Amino acid sequence: MEQKNTFELKSGLAQMLKGGVIMDVMNAEQARIAEAAGAVAVMALERIPSKIREDGGVARMSDPQMILDIKKSVTIPVMAKVRIGHFVEAQILENLDIDYIDESEVLTPADEEFHIEKNKFRLPFVCGCRNLGEAVRRIHEGAAMIRTKGEAGTGNVVEAVRHLRKIQREIAELTPHNIKEKAAEYRVPTDIVQAVFEQKKLPVVMFVAGGIATPSDAAMMMQMGAEGIFVGSGIFGAENPEKMASAIVKATMNFDKPEIIAEVSTGLGNTMKSLEIDKLETKFAGR
Amino acid sequence: MGQNIGILAIQGSIIEHEKILQKLHVDYSLVRSKEQLQNLTHIIIPGGESTTMTKLLKDFDMWDVLNEKISVPSGKNKKLKVFGTCAGAILLSKFGMDIKVERNGYGAQLDSFSADLVSKQFPNLKGIFIRAPRFTSHGSDVKVLVTHDNEPVLLEQENMLASSFHPELAHETRIHEWFLK
């Protein structure tokens with residue numbers, strides 16, 4: 001019997017992306033650059049996070065036409081963002097037949113109480129998290145892939161590091177004795193926390209996102225145990241996007257080879273404009 | 001005769017293939033440079049993104065080495081045996097295997113599917129197809145080992161074995177055993 005849209009198939013696509021770099025792109029031309037540089041997928045959005053910060057106002061799902069143009073221009077998977085809780089934006093994306101939906105804090109949240117019931121959708125979702133509790137809640141809602149939130153659009157990797165370390169620490173602290181208590185604290189069924197305890201990792205693929213701006217940032221996250229990398233503003237906010245994209249891909253593959261990371265870090269030009277996180281008016285990660 | 005098995009470890013379903021080899025109690029190495037390609041007798045090319053793997057194989061001078069080892073016996077060494085799953089099958093079509101492959105031939109993610117496959121060699125085989133490539137034609141030297149809806153999904157030609165599905169996601173060990181026999 002043929003089956004479609006099962007959780008196995010949703011999380012399976014994320015398994016195929018492991019060890020790769022997913023890049024934010026704003027049009028078909030950028031998508032082609034990302035694909036040629038070796039991206040494993042592209043994230044279609046109208047404005048990269050640094051531009052959303054600059055412009056202010058409400059950030060929403062992108063124009064379907066722009067997403068379709070991007071889809072037509074590449075053969076790698078296409079992802080796109082919807083606002084947290086905005087299930088109609090998600091319905092639209094499913095209708096566009098893209099490959100993955102990112103329920104993202106980078107856009108302005110539509111619901112401050114509930115995330116989308118992702119199990120109801122045929123398309124897989126990736127969601128952000130800052131800690132184990134957020135991660136397992138999103139998985140319980142149906143997320144087939146997790147990424148740390150970091151602080152998008154800043155070019156500052158410190159929050160991505162904080163979130164990854166926090167999740168790893170919280171996983172290490174699980175014991176057969178506290179699983180029930182932790183599941184209650186995280187407001188999820190015990191079996192999800194049990195699975196995390198047994199596998200010593202999340203039961204879905206976990207990428208790192210938010211503030212990755214250089215090849216060495218990407219390699220550091222990989223050495224720390226990330227299963228892959230999202231780069232938002234770091235590519236098309238940089239002076240030389242083609243070079244930066246290719247360098248980050250090479251550094252992610254060769255994350256434990258400093259001689260290669262040194263070589264690809266050479267002569268990249270200016271990185272994206274960076275921001276001090278303490279001075280931000282809006283922190284996306286808190287959403 | 002010792003086997004020296006490698007998994008191409010650029011990106012993709014590397015750990016899933018590792019787990020299958022561990023279940024079979026065979027040693028293997030992860031291959032991320034042309035030096036590491038040198039003494040292999042077998043290589044597995046995992047699922048992932050074929051454009052990414054192609055680009056990085058070329059960037060790190062592995063493409064030509066791999067191509068030559070697959071197509072030409074060198075000295076007393078036989079041709080390198082290759083098993084490619086999904087993206088790996090696409091690469092095999094470029095490394096001289098006599099197959100035509102359509103990328104994402106079954107559609108985008110909404111058309112990803114799992115199904116019970118038909119095979120004499122591997123009864124009760126489950127196939128997981130994720131944005132899978134489709135084998136649209138193959139030469140007369142190519143043996144069809146598994147089909148789905150009368151279309152080939154596992155093909156073998158001499159030292160090359162190509163599947164459009166992911167045995168490594170289904171915890172399926174028989175096809176790896178066949179490859180290593």
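Note that the structure is predicted; figures quoted are calculated from it, not measured. Sequence lines set the chain letters: A, B, ... in the order given, protein chains first and strands last, and positions in each chain run from 1.
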Between [Y] and [X], does any NZ, NE, NH1 or NH2 come within less than 4.0 Å of an OD or OE carboxylate oxygen?
X	Y	result
A/Glu35	A/Arg32	no
B/Glu177	B/Arg174	no
B/Arg131	B/Asp111	no

Please identify, among B/Ala170, B/Ala115, B/Ser33, B/Gly12, the residue contributing the most non-hydrogen atom pairs under 4.5 Å to chain A.
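Highest number of pairs under 4.5 Å: B/Gly12.
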Partner chain A: residue of B/Thr54, B/Ile14, B/Asp59 with the largest heavy-atom pair count (under 4.5 Å):
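Of the candidates given, the most pairs with chain A belong to B/Asp59.
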Below 4.5 Å from any heavy atom of chain A, which atoms of [X] appear? Answer side chain, backbone, both or neither.
X	result
B/Thr51	side chain
B/Asp116	both
B/Ile10	both
B/Phe129	backbone
B/Arg103	side chain

Can you tell me if A/Asp69 and A/Gln65 form a side-chain donor-acceptor pair at under 3.5 Å?
yes
Please rank [options] by heavy-atom pairs under 4.5 Å with chain B and give me the top one.
options	result
A/Gly20, A/Ala36, A/Gly228, A/Ala41	A/Ala36
A/Thr75, A/Asn5, A/Thr6, A/Asp97	A/Thr75
A/Val74, A/Ile98, A/Ile260, A/Asp256	A/Asp256

A/Phe125-A/Tyr100 aromatic ring centre distance below 6.0 Å:
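Judged by ring-centre distance (under 6.0 Å), A/Phe125 and A/Tyr100 do not meet the cut-off.
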Quickly, which of A/Leu17, A/Val21, A/Thr252, A/Val249 forms a side-chain contact (heavy atoms from CB on, under 4.5 Å) with A/Val40? Name it, please.
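Output: one option passes, namely A/Leu17.
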Whatever's closer than 4.5 Å to a heavy atom in chain B on A/Pro77 counts as both
Heavy-atom proximity to chain B below 4.5 Å, by part of A/Ala39:
backbone
With a cut-off of under 6.0 Å to the ring centre and 45° to the axis, is A/Arg147 in cation-pi contact with A/Phe207?
no
More than 12 heavy atoms of other residues, nucleotides or ligands under 6.0 Å from CD of A/Glu263: is that the case?
no
